Structures are given as structure tokens and as C-alpha cells.
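Contents: one structure, followed by commentary.
Since the model is a prediction, treat every value here as computed from it, not as a measurement.
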Amino acid sequence: MRYLIVAEAYRDLERLSSRLALTERLAALLAQTPADLLPTVCYLCQGLIAPEFAGVDLGMAEKLAVRAVASTTGTSAEQVAALVRETGDLGQAAERLLTSPATEPAGLTAGLEVGEVVRTLREIAAAEGAGSQGRKLELLAGLLARATPVEACYLLRLVTRNLRLGIGTPTVLDALAQVHAGGKAGKKVLERGYNICCDLGKVAATLVSGGLAAVEGLRVQPGNPVRVMLAQRLADAGEILARLGGQCAAEYKYDGVRVQAHRTADGRIELFTRRLEEISDQFPDVVELLAAGLGPSEAILEGEVVAYDAAAGELRPFGEVMLRRRKHGIDQAVQDVPVGLFCFELLYADGEDLTMLPYPRRRAALEAALTLSPRLRLTTAAEVTDPAVLDATFAQAVTDGCEGLVCKSTGPDSGYQAGARGWQWIKLKRDYRTELSDTADLVIVGAFAGRGRRAGVYGAVLLAAYDADADVFRAVTKCGAGFTDADLAALPARLAPLQSPHKPARVDARQEPDVWFEPGLVVEILSAELTLSPNYTAAWGQIRDDAGLAMRFPRFTGRWRDDKAADDATTTRELAELFLNARRTPAGG
Ligand SMILES: Nc1ncnc2c1ncn2[C@@H]1O[C@H](COP(=O)(O)OP(=O)(O)OP(=O)(O)O)[C@@H](O)[C@H]1O
């Protein structure tokens with residue numbers, strides 16, 4: 001298959017914006033793709049060449065890519081850099097250089113094959129150590145020398161991690177279902193398949209080799225992260241119990257970093273964050289704890305890593321674990337910020353997929369699988385049937401240094417729902433109680449230049465919530481409060497890689513910020529109130545026809561949610577529910 005077919009699809013996708021049109025165009029590409037290349041093309045549509053969790057780092061420094069373009073087109077790096085400034089990105093600059101009559105026209109052999117592109121990109125990613133920069137440059141230049149202008153454009157965007165197609169994984173799943181799984185009905189099956197292996201290529205390969213039934217037959221497997229199960233939220237103990245059938249397991253909600261630990265057949269233990277980053281290197285002590293205390297020789301387990309003073313039996317504030325994640329020199333960090341792992345789920349043990357079992361059986365299996373130690377613990381859990389007891393448990397959890405409770409269904413349908421924020425888990429947090437305020441995790445999609453004291457830095461950011469149904473980010477507020485001078489100074493560097501010359505395709509907003517950003521950076525925002533507004537597009541038309549939801553008096557809590565990807569942000573649906581709940585429950589009630 002020619003890479004040009006993919007590149008031309010990219011070009012079309014970039015120009016489209018409606019979800020329907022994007023899906024159609026993607027479907028046309030997938031329909032043209034031979035079965036053996038389908039997994040590869042699915043990865044390419046995600047801007048990847050392997051599943052995300054594999055951590056294949058394609059990211060090539062732009063400087064190096066500029067040199068590759070210069071050497072291929074017989075120009076200087078300075079000339080290429082100048083054209084990048086003019087056109088806004090390296091892809092376009094290269095495309096222009098390759099099209100211009102000044103450069104030697106590509107020969108008749110011009111054009112690349114998908115297979116060789118991906119093979120070469122793998123080599124580029126794998127090159128390390130002495131001389132690797134030169135090797136990467138040489139490999140990329142080799143591809144560029146035979147690329148057509150439009151192929152060069154997208155190749156460069158891919159290697160510099162700048163492929164902004166305006167589609168997320170849900171849209172690729174839609175297209176895949178349309179072509180190979182009979183449309184909407186098949187989509188659910190594919191979605192579940194993706195949720196339990198986080199590998200779009202694997203889902204596609206299974207689908208074309210064995211049909212939908214084979215995808216249905218996919219089971220969780222150590223080594224393949226499972227998309228995490230998430231919680232709904234409610235503020236009232238009685239309502240929570242009613243939702244959970246009058247009974248629940250009330251677990252302490254620890255405030256740390258969620259990890260999913262995998263022990264594979266070869267004995268290796270890997271830790272993944274909820275956004276599929278492998279972070280075993282940051283927590284070698286947690287790996288050791290599990291190596292010593294985890295019974296099954298193959299397993300998938302979940303827990304919260306918390307800064308923990310085992311001698312005093314005391315939980316430490318959340319900030320300390322984040323400090324640990326940012327620190328260099330991990331040995332020192334292990335000493336400075338000791339942590340504990342509080343386990344709450346077992347998804348797989350020795351050949352058995354436990355996700356379909358109800359909660360009480362999974363919990364029993366978890367207890368049986370662990371030999372506990374001072375730092376390897378189970379989450380505190382209590383069977384509760386009475387709202388007053390649930391309130392008391394909540395108070396105790398807060399006293400013991402937790403954020404609140406995660407109330408879990410114990411009923412027959414309380415299986416582990418990968419990737420879903422359902423009503424099987426309901427969280428009750430401190431913030432819901434003390435004031436009529438709540439935090440949301442929102443994505444920065446734009447920024448406004450600062451004035452006065454904030455001249456020269458961003459003065460406020462435009463924030464959006466995720467509309468999971470449309471796979472789009474919709475504006476909900478503008479926020480400047482709560483950012484310290486240090487936060488503000490750090491913002492431009494954090495946001496620079498996401499900057500976009502125009503409103504990104506997946507952003508829906510009526511504001512005109514000074515700078516736009518691709519959705520990527522998530523921050524925690526505390527707000528006093530949600531209101532209806534004609535200026536904000538979050539949950540547009542869901543509560544009132546001509547209005548969306550806006551946050552009043554938003555404030556950055558100081559917490560960067562680096563553990564969340566953009567599509568893990570608070571959803572517009574959650575905001576709509578919060579709004580409706582707040583209207584039902586008067587302040588303090
Ligand atoms: N006992 C527990 N059971 C499940 N999750 C727990 C537990 N203790 C702490 N947690 C954490 O709480 C989170 C559950 O809340 P939710 O699913 O809404 O995630 P979230 O969006 O990260 O929310 P939050 O910002 O409130 O942590 C889990 O992702 C996990 O990190």
C-alpha cells in the first residue's frame with residue numbers, strides 16, 4: 001500500500017471538521033487498506049506506530065528533522081527554519097521546498113510504501129547511544145529523498161509529534177466498525193475490545209482475522225494495560241446507597257497516583273498510569289513491594305500509590321508523590337518521599353480473567369493474592385447499608401487523611417467496567433461537602449495575554465471539558481485565578497508544544513484567545529458554581545436550548561493533572577449532571 005494514500009487521507013481529515021465527515025473519510029481509508037496493514041494504518045491514524053503503552057518514542061527533535069529536510073532538499077538549515085517560521089510548521093515548509101521548481105524533481109520512483117515507512121520509523125525510534133542522532137537523521141533523510149511533497153509533510157509531522165488530525169481513538173473505532181463490523185452495533189464490541197487491551201492494532205487484527213466474535217472473545221492479558229474503571233460522583237449518602245441497591249462497599253479514597261501493575265509470565269513487573277505511561281522507573285520501591293508480596297505468577301492489579309509514613313502509619317499529602325514523579329535521581333527520591341501501595345483491584349491472576357466477577361469475589365481474590373506488609377496494603381473497606389454509617393465512614397476517612405470514599409456496588413452486576421465511568425462506583429469527596437463547590441479537571445485550549453503585573457506572560461487560560469460523545473473539547477470557562485507567579489512563568493513552556501496557529505479542529509469555543517492550544521494539558525479547577533451561559537459551548541442545548549454551561553469564579557487549585565490525558569478530563573455530561581444535582585440540593589443541604 002502506498003503511503004500516499006494515507007497522506008492524502010490525512011490531508012482531507014485536516015480540512016474536515018464534522019464528526020460524521022471525519023468518520024466517513026477515515027472509513028474510506030480503512031476500506032482501501034489491505035488486511036495485513038490494517039493494524040499499522042490504525043496506529044498511524046493515532047499518530048503512532050505501535051500501541052501507546054509500548055512507549056515507542058518517535059519524538060524527534062525538530063532541529064534534527066530540520067537538518068534532514070535541509071540535506072534532502074539541498075538547502076541550509078537556516079533556510080528551512082525561516083520557512084518554518086513563515087508557514088507555521090515543518091511539514092508545510094518541507095512540502096513547499098519539495099514542490100518548488102528550484103529543487104530537483106523527484107524521480108519516477110518517488111513515493112513510499114506504508115510498510116517501509118513504519119519499518120524505518122521503528123529503526124529511528126530504536127536508535128540510541130553514540131552516533132544515534134546521525135543515524136536517525138540519515139534514516140529520515142533517506143525516506144524524505146523518495147517522498148512526494150505531501151508524504152514528506154505528514155512524515156515530518158508524525159516524527160515531530162505534530163500530527164493534528166482532529167480525531168481521537170473513538171472516531172477511529174467508529175470508522176473501523178463502519179467498514180469491518182457492521183456499523184453501530186459492532187462499535188460497542190470494538191470499544192470493549194479496545195478498553196481491555198488499549199491496543200487499536202490488536203483490535204483491528206483480531207477483527208479482520210476472526211470477526212466480531214473474536215473481538216468479543218478478547219480477554220485481559222498481563223502486559224496490555226486495561227483502561228481504568230472510573231467513578232461517578234454524588235454528594236448525599238442516602239442517594240448513593242439508593243443508587244447502589246441499598247448496600248455498598250465503602251472504600252477509603254486515597255489521594256495519590258493510580259497505578260495498574262502487571263506481572264507478566266517472564267516475571268517482570270510493570271507499572272502503568274491511567275494514561276498508559278509506563279512508570280516503573282519512578283517507583284522501583286513499589287515494584288519491589290509487589291515482587292515480594294504478590295502471589296500469582298501472572299497478574300494485573302490496581303492500587304493507589306500514596307506518600308506514606310509507615311512508621312507513624314500516616315498518609316502524607318498528595319503533593320509529595322507528585323514531587324517524587326518530577327524528581328531526578330530516583331534513589332534519593334525513594335529515600336525522601338517513601339510511598340505505600342494501597343491495593344483495590346485484581347483483574348487477572350494466573351490465567352484467569354476476573355473482570356467479569358462481581359466485586360466481592362474480586363476483592364476476596366485480591367486479599368488471597370497478597371502477602372501484606374507495612375507498605376503494601378489493602379484499601380480500607382467497609383460494608384455499609386445505612387446512610388448514617390456511610391456519613392460516619394466518610395468522616396473517618398477524612399480524619400485518616402483520605403479524600404473521602406469510593407462507594408462500590410457489591411451486586412451481581414458489579415464486574416470491572418474497563419474504561420467506563422458508570423454508577424458501579426460512586427465517589428464522595430470532601431469538596432462536595434464543605435462548600436457548594438467542586439473541582440473539575442479541565443483542558444487548556446487557549447490563553448489570553450496578561451496585562452499590568454502579568455504583562456509578558458499569559459494572564460488567563462481558556463478551559464474546556466471533554467464531550468465524549470462527539471470526541472470534542474467544549475469551552476466552559478476562562479480562568480486566571482489561583483495561578484502563582486511561578487505557575488504563570490511555567491505555563492508558556494508547558495504549553496509551547498501544543499500551540500496551534502488556528503483553533504484546533506477538536507475545540508469548540510466562541511472565545512477568541514490570543515493563542516490556541518491542542519487539547520493536552522489538564523489542570524484541576526475549583527469553581528463556586530455552574531451557570532447557564534450563551535457564551536460557553538459545554539453541554540450546549542442539553543439543559544436549555546440556546547445556552548451552554550459556564551463555571552463562575554473558577555480557580556486553579558495548584559494541581560497539574562499530568563496523570564490525565566485530555567480525554568480523561570471531566571466530561572460535559574458530568575458537568576451537566578453536577579449542574580442538575582446542585583439545583584436539586586440547596587447549599588449546605
Ligand atoms: N479505594 C479506591 N478505589 C478506587 N479508586 C480509588 C481508591 N482510592 C483512591 N482512588 C482513586 O480515585 C479515583 C476514582 O475517582 P475517579 O474515577 O473519578 O478518578 P479521577 O477522575 O481521577 O477523580 P479524582 O480527581 O477525584 O481522583 C481513581 O482513579 C483512583 O485514582
Side-chain angles (χ1 to χ4, degrees), residues 195-196 219-222 224-232 240-241 243-254 256 258-265 269 271-272 274 286 289-306 340-386 389-390 393-394 396-397 400 402 404-420 422-428:
N195 285 341
I196 64 169
R219 294 286 172 265
V220 300
Q221 201 182 347
N224 269 105
V226 181
R227 289 194 73 202
V228 297
M229 176 169 180
L230 296 166
Q232 286 283 1
I240 290 177
L241 278 169
R243 274 276 183 175
L244 295 173
Q247 179 183 339
C248 74
E251 290 197 14
Y252 277 19
K253 185 175 193 304
Y254 298 82
R258 182 176 190 162
V259 296
Q260 194 176 79
H262 289 240
R263 179 188 265 167
T264 41
I269 294 178
L271 307 177
F272 294 98
R274 48 181 287 175
V286 173
L289 282 173
L290 286 169
L294 181 61
S297 54
E298 275 189 87
I300 306 176
L301 159 150
E302 280 187 349
E304 193 87 357
V305 175
V306 194
L341 178 66
F342 289 78
C343 304
F344 55 80
E345 271 293 348
L346 186 66
L347 308 185
Y348 183 96
D350 284 337
E352 202 190 344
D353 178 348
L354 307 176
T355 55
M356 263 82 95
L357 297 181
Y359 168 88
R361 291 191 51 198
R362 289 202 309 283
R363 178 81 186 185
L366 175 65
E367 288 184 25
L370 290 172
T371 306
L372 301 177
S373 58
R375 296 188 177 282
L376 181 63
R377 314 283 298 265
L378 289 165
T379 49
T380 300
E383 280 272 325
V384 177
T385 52
D386 177 352
V389 176
L390 193 57
T393 313
F394 171 81
Q396 190 60 49
D400 291 345
C402 286
L405 299 173
V406 183
C407 305
K408 302 185 176 179
S409 163
T410 53
D413 57 351
S414 56
Y416 187 91
Q417 299 178 331
W423 290 99
Q424 303 293 333
W425 286 9
I426 304 175
K427 63 185 174 185
L428 181 58

Any idea which heavy atoms bring T410 and C248 closest together, and the distance? CG2-C, 4.1 Å
Taking all heavy atoms of G411 and all of P358, pick out the closest pair and write down the distance. O-CB, 3.6 Å
Measure the CG-CZ distance between L230 and R258 for me, rounded to the nearest 0.5 Å. 6.0 Å
Might you point out which heavy atoms bring C407 and L390 nearest each other, and give the distance in Å? SG-CD1, 4.0 Å
Compare every heavy atom of L370 with every heavy atom of L378, then report the nearest pair and how far apart it is. CD2-CD1, 4.0 Å
Value for OG1 (T371) from CG (L289), rounded to nearest 0.5 Å, stands at 12.0 Å
Spacing of R362 atom CZ and F344 atom CZ [to the nearest 0.5 Å]: 11.0 Å
Considering all heavy atoms, the nearest L347-E345 contact: CD2-OE1, 3.8 Å
Separation between CG of L428 and CD1 of I240, rounded to the nearest 0.5 Å: 4.5 Å
Can you tell me how far OH of Y348 sits from CZ of R219, rounded to the nearest 0.5 angstrom? 11.5 Å
Holding to salt bridge (Lys or Arg N to Asp or Glu O under 4.0 Å), I want the full list of residues that pass it with R363, two or more places apart in sequence or in another chain. E251, E367
Report the relative orientation of the aromatic rings in F342 and Y254; use parallel for angles under 30°, tilted for 30 to 60°, perpendicular for over 60°. parallel
Rounded distance (nearest 0.5 Å) linking atom NE2 of H262 with atom CD1 of I269: 11.5 Å
Single hit among L271, V306, L376 for side chain to side chain contact (heavy atoms under 4.5 Å, CB included) with L341: L376
Examine distances only and state if a side-chain atom of Y416 and a backbone atom of M229 form a donor-acceptor pair shorter than 3.5 Å. yes
Would you check if the side chain of R263 reaches a backbone N or O of L294 as a donor-acceptor pair within less than 3.5 Å? yes
Residue set satisfying side chain to side chain contact (heavy atoms under 4.5 Å, CB included) with S409, at least two apart, ordered chain then number -> L244, D413, S414, Q424
For E298, the salt bridge (Lys or Arg N to Asp or Glu O under 4.0 Å) test, sequence neighbours excluded, returns none
Can you check whether P225's main-chain N or O pairs, donor with acceptor, with Q260's side chain at less than 3.5 Å? no
What pair of heavy atoms forms the shortest contact from L290 to A261, and how long is it? CD1-CB, 3.5 Å
